[in-house]
Colleague: 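Once you've had a glance at the structure underneath, I'll fire off some questions.
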Amino acid sequence: MSGLFSAVGSLWTWLSTIFDPLCGPAGLFTIYSMFSPHTMLACGDSGWGDELAGGLKITIAVSLATLPLGIVIGFFVALAQQSEEKSLRLAAGVFTTIFRGLPELLTLFIIYYGLQILLQSVLAKFGYDGPIEINAFAAGMVALAIVFSAYCSEVLLSAFKAIPKGQYEAGDALGFHRARTMRLIIVPQLVRISLPNLGNLWMNLLKDTSYVSIIGLADIIRQTGIAVRATKAPFTFYSIACLFYLTLAVISSIGLFYLDRWAKQAEVHR
């Protein structure tokens, strides 16, 4: 079994190298270095192309890992905000107020350093006095997901309020239990109504991933900063970082456009 996993990992590494849009055989940086006398953007030991490509992959990975977690947390917070239980509504209100009010960077510091202190204090009670270090990727993902969920819950709460109560009554009339009503009737409408605002939150999330460079994660901003300090060419590398973020924004805008159109068509065909 371990041999199979090793083979799959090797195949994935080979495919990702071949089809790398920046440093692959037909990658942009590879082609650029073939026709340019400057080697700053070359891939390999002679340039910074592979470092920048790796930073782009980290930024995309953090964004894609954060999105589903943030949406799930935001969904349950939105449910709590309209719960008949007063304590749930209060807890959800406190959650959204805190994490919409705190700067994202401060939230990141609290999660990254606070979890280390908490784990050290807990493990110390069991006799472990060694150092504890939280994974930067996990800490960044959790922190950004919490902030994202606080805003997402408000978007979903507005979408919940836009759905007529008759939709819930229709589910009761069909004999659906509450979970089935939510899954088959409410959630499809919730997605269609909230999709434009969730798209805006996704665009903000792409930019907020730049904060993870502060805790040592090698994203676009951190790799760009290292390249700038080594080459003394800030305009070149920061311009490339801008192009990376703008490209992600354009691709996201196109994807959101087609996703919104699909959601509207699905609603018409229902």
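Hydrogens, waters and symmetry mates play no part in the numbers below; they use all other heavy atoms, side chains included. Note that the coordinates shown come from a computational prediction; the quantities given were computed from them, not determined experimentally.
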Colleague: Name all residues meeting the side chain to side chain contact (heavy atoms under 4.5 Å, CB included) criterion together with Leu106; count only those two or more places apart in sequence or in a different chain, and write none if there are none.
Modeller: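 Applying side chain to side chain contact (heavy atoms under 4.5 Å, CB included) to Leu106 gives Leu102, Pro103, Ile110.
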Colleague: Could you state the interatomic distance from CZ (Phe95) to OG1 (Thr97), rounded to the nearest 0.5 Å?
Modeller: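 Output value for this atom pair is 10.5 Å.
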Colleague: Nearest 0.5 angstrom please: Ile146 CD1 to Ile111 CD1, how far?
Modeller: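 Separation between the atoms: 4.0 Å.
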Colleague: Under the side-chain hydrogen bond (donor to acceptor under 3.5 Å, both in side chains) rule, collect the residues that match up with Ser121, sequence neighbours excluded.
Modeller: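 By the side-chain hydrogen bond (donor to acceptor under 3.5 Å, both in side chains) rule, Ser121 matches no residue at all.
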Colleague: Mind checking whether Leu248 and Leu56 have side chains closer than 4.5 Å, heavy atoms only?
Modeller: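 Side chain of Leu248 against side chain of Leu56, heavy atoms only: contact under 4.5 Å found.
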Colleague: Taking distance alone, no hydrogens or angles, what donor-acceptor pairs closer than 3.5 Å link side-chain atoms of residues 59-71 to residues at least two apart or in another chain?
Modeller:
residue : atom : partner : partner atom : Å
Thr59   : OG1  : Gly55   : O            : 3.2
Thr59   : OG1  : Ile220  : N            : 3.3
Ser63   : OG   : Thr59   : O            : 2.9
Thr66   : OG1  : Val62   : O            : 2.7

Colleague: Just to verify, what does Glu51 make a side-chain hydrogen bond (donor to acceptor under 3.5 Å, both in side chains) with, not counting sequence neighbours?
Modeller: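 If we apply the side-chain hydrogen bond (donor to acceptor under 3.5 Å, both in side chains) test to Glu51, skipping adjacent residues, there are no hits.
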Colleague: Cut-off 3.5 Å, no hydrogens considered: what does the side-chain donor-acceptor table look like for residues 228-244, sequence neighbours left out?
Modeller:
residue : atom : partner : partner atom : Å
Thr231  : OG1  : Ala227  : O            : 2.7
Thr231  : OG1  : Ala233  : N            : 3.4
Lys232  : NZ   : Arg229  : O            : 3.4
Ser239  : OG   : Phe235  : O            : 2.6

Colleague: May I have the list of side-chain donor-acceptor pairs in residues 72-79 shorter than 3.5 Å, sequence neighbours left out?
Modeller:
none

Colleague: Can you give me the closest heavy-atom contact between Met182 and Pro188, atom names plus distance?
Modeller: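 Of all heavy-atom pairs spanning Met182 and Pro188, the closest is O-CD, 4.3 Å.
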Colleague: Between Leu108 and Gly140, what is the shortest heavy-atom contact and its length?
Modeller: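 Minimum heavy-atom contact is CD1-CA, 3.7 Å.
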Colleague: Does Leu246 sit in a hydrophobic cluster with other residues, and if so which ones, taking ILVMFWY side chains as linked at heavy-atom separations under 4.5 Å, directly or through other members?
Modeller: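 For Leu246, no cluster forms, as it stays isolated from other hydrophobic side chains.
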Colleague: Rounded to the nearest 0.5 Å, what's the gap from CG on Leu198 to CG on Asp260? Could you check?
Modeller: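 Here the rounded value is 11.0 Å.
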Colleague: How would you list, by chain and number, every residue that makes a side-chain hydrogen bond (donor to acceptor under 3.5 Å, both in side chains) with Asn197, sequence neighbours excluded?
Modeller: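 Asn197: no side-chain hydrogen bond (donor to acceptor under 3.5 Å, both in side chains) contacts found.
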Colleague: Please identify each residue that fulfils ring pair (Phe, Tyr, Trp, His ring centres under 6.0 Å) with Tyr151, with sequence neighbours left out.
Modeller: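 For Tyr151, no residue satisfies ring pair (Phe, Tyr, Trp, His ring centres under 6.0 Å) once neighbours in sequence are set aside.
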Colleague: According to disulfide (SG to SG under 2.5 Å), does anything in residues 42-159 pair up with another residue at least two apart or in another chain? List the pairs.
Modeller: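 Found Cys23-Cys43.
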Colleague: Quick one: list whatever passes side-chain hydrogen bond (donor to acceptor under 3.5 Å, both in side chains) with Glu104, sequence neighbours left out.
Modeller: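 Applying side-chain hydrogen bond (donor to acceptor under 3.5 Å, both in side chains) to Glu104 gives none.
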Colleague: Any chance you could measure Ile215, atom CD1, to Phe109, atom CZ, to the nearest 0.5 Å?
Modeller: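 Answer rounded to 0.5 Å: 8.5 Å.
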Colleague: Which hydrophobic side chains are connected to Ile117, either touching it within the sub-4.5 Å cutoff or through other members that do?
Modeller: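 Members besides Ile117: none; it forms no cluster.
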Colleague: Might you point out which heavy atoms bring Ser253 and Met203 nearest each other, and give the distance in Å?
Modeller: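 That would be OG-CE, 3.6 Å.
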